[in-house]
Amino acid sequence: MKRPTAIVTTMALALAVAGCSKPSGEAAGSVTLLNVSYDPTRELYKEINPAFAQEWKAKTGQTVSFRMSHGGSGKQARAIADGLEADVATLALAYDIDLLAERKLLPAEWQARLPDNSAPYYSTIVFLVRKGNPKGIKDWGDLVKPGIKVVTPNPKTSGGARWNYLAAWAYGRKASGSEAGARDYVTRLFRNVPVLDSGARGATTTFAERGIGDVLLAWENEALLAQKELGVGKFELVAPSLSILAEPPVAVVDANVAKHKTADAAKAYLDYLYTPKAQEIIAKNGYRPRNPEVAARYADTFPKLTLATIDGDFGGWKKAQAEHFADGGTFDAVFAQAKR
Amino acid sequence: MAKHARRATAESPIARIALIGVALVFLFLFLLLPLLAVFAEALRNGLQPFLEAIVEPDAWSAIRLTLIVAAISVPLNIVFGIAAAWAITKFDFPGKGILITLIDLPFSVSPVVAGLIYVLMFGASGWFGPWLQEHDIEIVFAVPGIVLASVFVTFPFVARELIPLMAEQGRDDEEAALSLGASGWQTFWHVTLPNIRWGLLYGVLLCNARAMGEFGAVSVVSGHIRGETNTMPLHVEILYNEYNFVAAFAVASLLAMLALVTLVLKSILEWRFDYHRTGTGH
């Protein structure tokens with residue numbers, strides 16, 4: 001007679017316990033930060049976090065621990081907007097953090113709160129080809145030749161892929177001198193794309209592990225990491241004549257740090273990214289550092305490239321997003337035409 | 001079944017051997033080989049890295065979370081399943097057909113949709129989002145959301161097993177017990193439950209396997225916080241994406257082992273179940 005009630009009570013308790021078991025960052029000597037980031041930064045923050053924790057402990061006596069969440073940038077932004085309580089958002093492009101500002105999670109002028117457009121590191125888009133560059137790929141022009149297979153993720157879901165797309169567009173515009181020419185070039189490029197993964201890491205795996213495609217359009221940091229992790233000498237990095245300045249921004253999510261009382265630590269964490277020590281870690285992980293001295297030390301790893309910019313060449317992310325990636329934008333048209 | 005077997009023996013021996021051969025080759029290529037590959041990959045660098053990958057804190061927490069999810073969703077399913085099967089088979093009421101269809105809903109809905117509906121309901125901009133935030137209750141992107149999604153996708157397993165069984169058994173035993181003066185609960189514990197125990201166990205087993213292995217629905221509501229809201233299947237994906245192939249396959253092999261244990265238990269249950277059913281002369 002008693003047992004069914006007991007079972008129901010236990011389950012209700014279990015649910016209640018599960019609901020309450022979120023770690024709170026309010027205990028006196030310790031604080032927990034949730035960093036919601038995009039795909040390729042796993043290795044970077046794995047190194048940054050303990051370094052910051054050590055310094056913060058020495059400075060304030062407070063122990064800071066980290067919770068990390070990684071995924072496609074757009075998806076992560078959506079999750080934060082839907083209630084994932086990130087203390088800091090470190091995403092692939094400003095547009096995704098603008099989405100959070102629209103939801104009033106942080107002020108609209110968030111990007112002016114930190115130096116360098118709120119991006120403590122930057123990167124660009126490069127080509128990763130197979131050993132010996134058997135197809136002789138040197139620049140964007142080679143990618144549209146018949147029989148070349150190009151791997152890039154889907155710009156609808158992947159931040160990195162949007163940078164790829166815009167870099168290709170910038171090249172097409174420069175080579176032809178017109179927007180129509182750029183569109184034509186990008187259409188021919190997508191005719192050579194056999195698969196569209198949803199995220200940058202998936203595309204890298206498709207290219208490197210599954211052996212699909214002749215060239216991968218990738219974040220420079222992803223390309224450097226893939227070279228390091230998946231076998232030295234198996235791939236070669238090709239720097240195109242023109243690429244794009246990709247600035248993955250970081251921001252404190254004001255609404256959430258207020259709720260968690262973690263504002264000081266969160267702000268210090270992002271400031272820390274600009275220190276020489278963090279910049280060194282950043283460079284070591286394949287991201288281009290902002291600090292000139294660190295950059296000078298890594299000049300060999302990061303060749304000088306001509307870089308188009310999102311603000312200068314595309315009128316900012318809002319415009320670029322509406323023009324190219326929104327429903328009915330150029331990507332939809334290009335993709336439909338390329339598959340015909 | 002027996003009729004099929006007799007007819008098959010009428011085929012020429014060559015056709016029989018060819019058919020059996022094709023079936024075996026298919027089984028080997030599409031089921032056994034991939035399963036073996038998981039274990040081979042996991043043990044590629046020997047036993048030591050395999051064990052290290054499993055006791056690593058994030059992997060361990062994923063295993064723990066998976067067990068918690070199963071420990072909550074399976075009992076809930078037992079209660080829902082028995083209640084639903086009981087109501088459907090022992091009573092007549094209007095809307096019975098709708099109830100049966102609803103129970104099957106999770107089978108026909110894609111798991112991604114199952115996850116999304118919880119985001120739409122409990123997410124920050126969802127129906128109950130503002131109220132939940134006011135009261136500081138976390139559902140999506142936390143453990144309760146993962147449990148809810150798992151309960152949703154596993155909902156039909158126990159009920160689906162029990163409904164045909166209980167329908168076949170009819171109401172005679174219960175009516176006899178009641179007429180002899182047993183109370184409702186007594187009838188349930190001493191008559192109904194023993195009658196359905198093998199079917200129930202079978203449903204629980206399948207439900208458990210799905211609860212532990214679910215990827216899609218859980219992925220949508222998880223938030224992917226390492227060491228916290230990653231279940232084993234999600235952790236496998238993360239490790240794979242980090243080029244940590246040995247660890248990914250080590251955790252995957254645990255899931256594969258779960259599948260194997262499930263299969264063995266399932267065979268045992270099927271045997272007992274049939275034995276029981278024929279044994280009592282129904």
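Please read these numbers as outputs of a predicted model, since none were measured by experiment. Residue numbering restarts at 1 for every chain, and letters A, B, ... go by the order of the sequence lines.
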Below 4.5 Å from any heavy atom of chain B, which atoms of [X] appear? Answer side chain, backbone, both or neither.
X	result
A:Ile80	neither
A:Lys46	side chain
A:Ala86	neither

Which value, rounded to the nearest 0.5 Å, describes the distance between [X] atom [atom1] and [Y] atom [atom2]?
X	Y	atom1	atom2	result
A:Leu34	B:Arg226	CG	CZ	13.5 Å
A:Glu85	B:Glu138	CD	CD	4.5 Å
A:Glu43	B:Glu242	CD	CD	6.0 Å
B:Glu228	A:Thr32	CD	OG1	8.5 Å

- Message: Please find the pair of heavy atoms, one from A:Ala81 and one from B:Ala124, that lie closest to each other, and give the distance.
- Response: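 A:Ala81 and B:Ala124 have their closest heavy atoms at O-CB, 3.4 Å.
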- Minimum heavy-atom distance between B:Gly223 and A:Ser69, given as atom pair plus value: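 Where B:Gly223 meets A:Ser69 most closely, the heavy atoms are O-OG, 2.6 Å.
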- Message: Could you check whether atom OH of A:Tyr95 has more than 12 heavy atoms from other residues, nucleotides or ligands sitting under 6.0 Å from it?
- Response: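 Result for OH/A:Tyr95: open.
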- Message: So if I apply the side chain to side chain contact (heavy atoms under 4.5 Å, CB included) rule between B:Ile225 and each of A:Asn35, A:Val36, A:Leu84, which one comes out positive?
- Response: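 Testing each of A:Asn35, A:Val36, A:Leu84 against B:Ile225, the sole residue satisfying side chain to side chain contact (heavy atoms under 4.5 Å, CB included) is A:Leu84.
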- Message: Consider side chain to side chain contact (heavy atoms under 4.5 Å, CB included). Of A:Arg201, A:Arg42, A:Glu209, which one does B:Tyr243 pass it with?
- Response: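 Filter result, single survivor: A:Arg201.
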- Query: Does any heavy atom of chain A fall under 4.5 Å from the side chain of B:Ile238, the backbone, both, or neither of them?
  - Reply: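 For B:Ile238, backbone and side chain are both near chain A.
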- Message: Heavy-atom cut-off 4.5 Å, strictly under: side chain, backbone, both or neither for B:Phe188 against chain A?
- Response: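 It is neither, since no heavy atom gets under 4.5 Å.
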